[in-house]
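Below is one structure, written out as structure tokens, with a few remarks after it.
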Amino acid sequence: MASSLSVVIDLKDLAPICAMDTCRSSGALAAIIAVSCFTAIVDGGRLSGQASPTPPSTPAISFNDSIGSYMVLQQQPARACVYGTLGAGGRGATIQVSGSGTPTYTVQANVTGSQWKACLQPTTAGGDVTITASCSGCTNSTPAKIVHATFGDVWYCGGQSNMALPLLHSFTRNASRDAILAGNYSNIRIHGMEGNMNPYQPWATLKQALSTAPTERSGTMDDAFTWSLGQGGRSAPCDPSTDSDCSAFMRFPAACYYFGESLSDAISGAGSDRISTTGDVPIGLINTAWGGSAIEQWLSNESLATCQYAGQSSSNQEWHDARVLPYVDMTIKGWTWYQGENDMHTIKGNAAAKAGYSCMMQTLIRQWRLLWSRTPQTTSPDAPFGIVTLASSGSEGANGLAMGAMRQAQTMGYGVLPNPSMPNTFLAQAYDLDDEWISMSGGGPCMDHGFNASDPAYHCCGANANASLCLPMWATRCTNMCRACNDTQEYMGGLHPRSKRPVGQRLARAAFNTVYGGTAAYTGPVLAGCTLSASTLTIAFNTSLLRGDRVALQPYATPNFTPYFHGFANPAFHSGSQLYVQTVASSFCTEYLSTNLTNSSSPVYCPTWAGGAGTGDTRPAPAGRFPSFGGSGMTPTSDPNQFNEGWINLPIAAGPTPTSITVDLKPLRGAVPTAVRYAWGLIDCCDLTDPDIYSVHGCIANCPIMSSSGLPANPFIAKITANKCTCVEPQVCDM
């Protein structure tokens with residue numbers, strides 16, 4: 001009889017000697033692992049087991065890499081599916097489901113070639129389930145098993161670097177860590193593919209992820225994200241038991257996690273809405289984001305062909321194949337998407353005209369819904385899809401017109417989600433959610449340079465901090481700024497705001513109030529129309545979408561134009577009402593195109609789908625980076641009128657109704673406005689003349705027009721004709 005033994009093994013050390021199919025499920029902390037000469041049960045990081053014969057080398061039946069112990073399976077009314085690969089000689093697969101919360105039953109899998117898939121019975125949320133896959137005809141008859149699975153809602157998180165940005169780079173990560181260790185959010189489980197900013201994450205509870213170090217599988221991660229593995233400047237791996245920043249949890253995407261955390265609060269009744277009392281529904285979060293990716297990479301080439309002006313690259317379809325298709329057999333609740341920076345220098349277009357990013361965004365949603373719902377009674381054909389709009393720091397050097405067009409494109413041209421073109425979608429505006437404490441490269445008195453050349457710099461924080469130059473008074477005043485710099489590491493400066501919890505909170509609030517039956521507002525003020533009089537423009541917002549909220553105006557400072565913002569960034573307008581009007585009708589355009597897309601010096605025109613006259617009305621190519629108009633090539637002596645294309649900032653005040661505002665036209669001195677816009681472009685609502693900004697306090701969610709429940713107004717742009725607003729189709733704003 002074989003003698004028993006107990007061992008303690010670092011899971012990383014098992015990788016070279018364990019069979020890949022069994023290692024997949026062993027990354028979670030309780031699974032069965034076949035290792036050379038023994039079978040071990042993993043429990044809480046310790047392995048104990050019994051000596052066993054050397055396992056056969058012939059492959060046995062296995063689950064797909066996306067399926068694993070501790071996973072969340074989609075709850076009823078949908079049928080959750082599991083899937084994988086048959087072993088050598090396999091002809092079929094039988095799947096047994098057992099455990100608490102479900103009767104024991106078996107399902108015969110559908111087999112196509114060597115791949116099998118089985119859809120389970122609709123199951124209520126919760127439970128502790130074991131799923132065993134047995135192969136008929138396999139040379140190696142060893143079954144595959146996952147344990148401690150549960151049922152709940154599964155959300156897929158995709159996009160580029162601002163979705164991928166790990167919790168390590170989030171200001172509020174330690175508050176989440178403390179809540180998890182105190183027993184909260186035990187209903188959330190996470191899983192993710194390895195990317196260039198995140199390690200592979202096997203399905204795990206949050207406490208498990210906090211207690212284990214991340215493991216890089218294939219060498220795709222950027223060096224900046226591998227230091228916990230003994231790379232990137234550290235001499236040895238750090239220990240998650242003494243430093244939570246070393247843990248796998250801190251490598252999971254912040255925006256995706258905070259969405260799940262806030263959604264859990266709302267569903268359980270612990271959030272600000274406090275509506276649901278149904279308990280803690282398990283939530284599964286899947287990360288597939290890839291930093292620096294373009295939307296074209298997430299779509300099939302066939303679907304890209306339906307949109308004009310789609311970018312042409314050999315990498316198109318890359319992540320569709322590698323990061324979308326591996327999950328389409330998994331039943332899910334819905335998707336969240338945070339992407340667009342790498343498409344800022346492409347054409348934003350208009351979905352109604354089947355043009356540009358707007359068309360591709362619409363196509364991606366439709367294609368994903370179709371792919372995931374091919375098997376009846378699994379993922380809903382109109383499953384919910386959430387989108388995060390870009391912060392201004394995500395412009396990638398493009399100018400304000402390009403950013404305004406991008407945010408409009410992210411709504412398929414309607415200015416809000418959901419809309420008639422994209423039902424069952426939801427939106428988190430992030431234009432006012434740049435880094436709360438500004439990038440360490442972004443200047444301010446505590447750094448080594450000010451916002452402009454004449455500003456003071458006290459060298460108290462940042463890479464060039466100098467104690468001999470940091471005066472005692474400023475050392476005290478800069479305490480909060482320096483803490484933000486020192487405690488939360490940046491990645492690539494302001495491009496990746498560290499203020500990710502508000503993003504997740506807004507996304508979860510929108511999901512809860514559109515998907516889960518919540519009755520509170522899911523969006524901030526949305527333009528309904530306007531009325532022009534001799535001295536006043538009255539802006540009305542959609543009352544039904546506010547759901548009982550009123551419009552709330554936050555204080556704002558006098559607008560401040562910095563032609564050469566803190567030495568090296570684009571010209572920018574700061575603070576002010578963020579509401580602008582034009583007085584020359586022919587100047588209106590939401591996006592210009594070149595008459596020759598391969599030559600940036602060619603004349604440009606405003607397409608009809610962008611509010612212009614089309615190719616019959618051309619003008620010389622603008623300065624700056626094409627296709628941005630009025631763009632980023634400005635000099636320190638830039639004329640703000642040239643930069644802003646004749647848009648004039650005007651003061652605003654509360655309107656005649658709780659859901660309206662008024663615009664004071666007296667500064668126009670008799671000129672008649674022909675167009676109006678709000679928060680359109682590169683937005684900075686922070687008051688740089690405040691002596692305490694970015695020293696004593698930061699700045700976030702500070703733009704003037706908000707809802708009374710704290711959601712920002714949706715950006716808008718409209719012509720004014722016959723004293724009324726007229727939006728560019730398909731948006732309607734003539735109420």
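Since this is a predicted model, take the numbers as computed values, not measurements.
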Between [X] and [Y]: side-chain donor-acceptor atoms closer than 3.5 Å:
{"X": "T172", "Y": "Y258", "answer": "yes"}
{"X": "S176", "Y": "Y185", "answer": "no"}
{"X": "N480", "Y": "S695", "answer": "no"}
{"X": "N702", "Y": "Q554", "answer": "no"}
{"X": "S262", "Y": "R501", "answer": "no"}
{"X": "S358", "Y": "Q408", "answer": "no"}
{"X": "N287", "Y": "Q201", "answer": "no"}
{"X": "S499", "Y": "D434", "answer": "no"}
{"X": "W298", "Y": "S293", "answer": "yes"}
{"X": "S709", "Y": "R547", "answer": "no"}
{"X": "H169", "Y": "T488", "answer": "no"}
{"X": "D690", "Y": "H697", "answer": "yes"}
{"X": "N187", "Y": "S264", "answer": "yes"}

Exercise. Taking the six-membered ring for Trp, is the centroid-to-centroid distance between W680 and F716 below 6.0 Å?
Worked result: no
Problem set entry | Check SG atoms, C686 and C699, less than 2.5 Å apart | yes
For this session: Take the SG atom of C460, take the SG atom of C478, and say whether they are under 2.5 Å apart.
Result: no
Are [X] and [Y] packed together at the side-chain level, in the sense that at least one heavy-atom pair is separated by less than 4.5 angstrom?
{"X": "L688", "Y": "Y694", "result": "yes"}
{"X": "L167", "Y": "R251", "result": "no"}
{"X": "L507", "Y": "F259", "result": "yes"}
{"X": "Y556", "Y": "D687", "result": "no"}
{"X": "N174", "Y": "S244", "result": "yes"}
{"X": "M361", "Y": "F385", "result": "yes"}
{"X": "Y491", "Y": "L165", "result": "yes"}
{"X": "L263", "Y": "I283", "result": "yes"}

Quick one: pull up [atom1] in [X] and [atom2] in [Y] and give me the separation to the nearest 0.5 Å.
{"X": "T523", "Y": "N714", "atom1": "OG1", "atom2": "CG", "value": "3.5 Å"}
{"X": "S575", "Y": "D684", "atom1": "OG", "atom2": "CG", "value": "8.0 Å"}
{"X": "L168", "Y": "D245", "atom1": "CG", "atom2": "CG", "value": "5.0 Å"}

Exercise. Hey, are R477 and D692 close enough for a salt bridge, meaning a charged N less than 4.0 Å from a carboxylate O?
Worked result: yes
For this session: Evaluate the side chain to side chain donor-acceptor pair (under 3.5 Å) criterion for residues T288 and Y156: first the C-alpha distance (whole Å), next the side-chain angles of each, then the deciding distance (0.1 Å), finally the verdict.
Result: CA-CA 8 Å; T288 65; Y156 174 106; 2.9 Å; yes
Under 3.5 Å, side chain of [X] to main-chain N/O of [Y], donor-acceptor pair present?
{"X": "S247", "Y": "S211", "value": "no"}
{"X": "Q160", "Y": "N342", "value": "yes"}
{"X": "T389", "Y": "A430", "value": "yes"}
{"X": "S577", "Y": "L650", "value": "yes"}
{"X": "Q208", "Y": "R189", "value": "no"}
{"X": "N162", "Y": "L495", "value": "yes"}
{"X": "N486", "Y": "C482", "value": "yes"}
{"X": "R677", "Y": "P715", "value": "no"}

Residues which pass salt bridge (charged side-chain N to carboxylate O under 4.0 Å, His left out) with [X], listed by chain and number, not counting sequence neighbours:
{"X": "D432", "result": "R506"}
{"X": "R177", "result": "none"}
{"X": "R407", "result": "none"}
{"X": "E341", "result": "none"}

For this session: Report yes or no: is the cationic atom of R498 (NZ for Lys, CZ for Arg) closer than 6.0 Å to the six-membered ring centre of W437, at no more than 45° off its axis?
Result: no
Problem set entry | Test log, rule salt bridge (Lys or Arg N to Asp or Glu O under 4.0 Å), inputs D343 and K348 | CA-CA 8 Å; D343 286 279; K348 316 309 176 297; over 6 Å; no
For this session: List the atom of Q578, the atom of N649, and the distance in Å for their closest heavy-atom pair.
Result: N-ND2, 3.5 Å
Exercise. Which heavy atom of R173 sits nearest a heavy atom of D487, and at what distance?
Worked result: NH2-O, 2.6 Å
Exercise. Considering residues at least two apart in sequence or located in another chain, which fulfil the ring pair (Phe, Tyr, Trp, His ring centres under 6.0 Å) criterion with Y458?
Worked result: W474
For this session: For F249, enumerate each residue passing the ring pair (Phe, Tyr, Trp, His ring centres under 6.0 Å) test, keeping only those at least two apart in sequence or located in another chain.
Result: Y257
For this session: Give me the one residue out of L579, I717, L401 that meets side-chain contact (heavy atoms from CB on, under 4.5 Å) with W647.
Result: I717
For this session: Let me see the working for Y357 and Q339 under side chain to side chain donor-acceptor pair (under 3.5 Å), right down to the final yes or no.
Result: CA-CA 11 Å; Y357 188 95; Q339 189 276 335; 2.6 Å; yes
